[in-house]
Number of protein chains: 2
Amino acid sequence: MAEVTTSLSIGQVAERTGLSVHALRFYEREGLFANPVQRGSSGRRVYGEDDVEWLTICIILRASGMPLPAIRRYAELVSEGAGNEKERLNLLRQHQERVNIQIGQLTQSLDLITFKVGVYEDILSEGDPTACLTGRQQLSFGEPEGDVGGVVAMFAGLDVEQEVGVDSRVS
Amino acid sequence: MAEVTTSLSIGQVAERTGLSVHALRFYEREGLFANPVQRGSSGRRVYGEDDVEWLTICIILRASGMPLPAIRRYAELVSEGAGNEKERLNLLRQHQERVNIQIGQLTQSLDLITFKVGVYEDILSEGDPTACLTGRQQLSFGEPEGDVGGVVAMFAGLDVEQEVGVDSRVS
DNA sequence: ACTTGACCTAGAGTCGACTCTAGCTCCTAG
DNA sequence: CTAGGAGCTAGAGTCGACTCTAGGTCAAGT
């Protein structure tokens, strides 16, 4: 209770969160912090544990594909204080929905990929003729083919992209 | 069997796949086609059903975050013909693994989001005091807080990004 | 006194995957 | 014979989320 808010430098926060100092400054410029980052002697940023907690949430939201403007909006709502819980809920529900859809699509993609992995495993166990009995393959122009349902329609309109990440400096 | 390979224009393929004509030309430049796209009268691209099938696979791989260079490599392997199945399998397995990880992370993120949605639902049903008994909330600077495990470590190093998609022109 | 290291700002650069533009050629319908 | 529409190429532009650079301040250690 009498913890006098441990203060952290930008470097320490970077280390703790796995974000770069650049990213931290960038997030601040972009208004992702719910409460303004304090400044200490000679204008240096001073963070508290609560900032780290907040950043953790931001990281998770980002990791699940929430765009910065949406996180900014959420931060705004939080910083405005109580009274706008409905809007916060809406924002979160929307994102929840998107993540659900995304997981669904990835799972579908994974199905195809797993299917193809299976096909190639069968091919590579060619010494074993029983593999051919599974009937998994159906060649088309040199590529083992197997269209799992009307997949084109399934995937029109949403796409997932992964980035190389901030390296794990968490000790 | 005697289907004399239906030929499609770039516009038709765009319509069928949901990709733009720009993207189709771009994919071709990037070497994503396993077999070269044919040209018809006056240098126009002529696609076959097999190209559409191949594109469907590409779309799924892209949708699950496989980068273009990896798809190009896969296309190269396929176009080289039989004999490199092991490498194809490796490529697919790697991607499979990444997608699995991605789904895992999204699921984790979803947990937090769902948790927060729950918190706000509780708050908004304030007329009902039993909601407070769930003990879900623990406020910190105006933001209902609940750190679901050591999440920072969980998310360091990988990130998911979603793009606005090609619109669904599939009839 | 001076070097080192962490920090600061403003702004430029990067990367991946497209998307768009300019300026051209065809073919077909009126 | 001409206007429209679809296609072509080369190359420039865009977008999001950072990342990096230049040029400067400040405090501590030797």
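First the proteins, then the strands, lettered A, B, ... as listed; each starts at 1. Quantities reported herein were computed from a predicted structural model and do not represent experimental measurements.
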Of D:dT21, D:dC18, C:dA17, the nucleotide closest to the side chain of A:H22 is D:dT21
task = Would you confirm whether A:E85, through its side chain, and A:G83, through its main-chain N or O, come within 3.5 Å as a donor-acceptor pair?
result = yes
Exactly one of A:L77, A:L61, A:I71 clears side chain to side chain contact (heavy atoms under 4.5 Å, CB included) with A:L91, and that residue is A:L77
Its contact letters, B for base, S for sugar-phosphate only and - for none at protein heavy atoms under 4.0 Å, make nucleotides 2-11 of chain D read ----BSSB--
From CD of A:E30 across to P of D:dG16 the rounded distance in Å is 10 Å
In whole angstroms, the gap separating C1' of D:dC18 from CD1 of A:I71 amounts to 13 Å
In whole angstroms, the gap separating P of C:dC18 from CG of B:L55 amounts to 12 Å
Checklist entry - Would you call the rings of A:W54 and A:Y74 parallel, tilted or perpendicular if under 30° counts as parallel and over 60° as perpendicular? => result parallel
Rounded to whole Å, the CZ-P distance (B:F26 to D:dA12) equals 16 Å
A:E28 atom CD is separated from C:dC7 atom C1', nearest whole Å, by 13 Å
Taking D:dC18, C:dT21, C:dC18 as options, the one with an atom nearest any side-chain atom of A:Y27 is D:dC18
To the nearest angstrom, the CE-P distance between B:M66 and C:dC18 comes to 14 Å
Those residues at least two apart in sequence (or on a different chain) that pass salt bridge (charged side-chain N to carboxylate O under 4.0 Å, His left out) with A:R29 are none
When rounded to whole Å, the CG to C1' distance for the pair A:L61 and D:dA17 reads 15 Å
Which of B:V117, B:V119, B:D111 passes side chain to side chain contact (heavy atoms under 4.5 Å, CB included) with B:F115? It is B:V119
By salt bridge (charged side-chain N to carboxylate O under 4.0 Å, His left out), A:E49 pairs with (sequence neighbours left out) A:R16
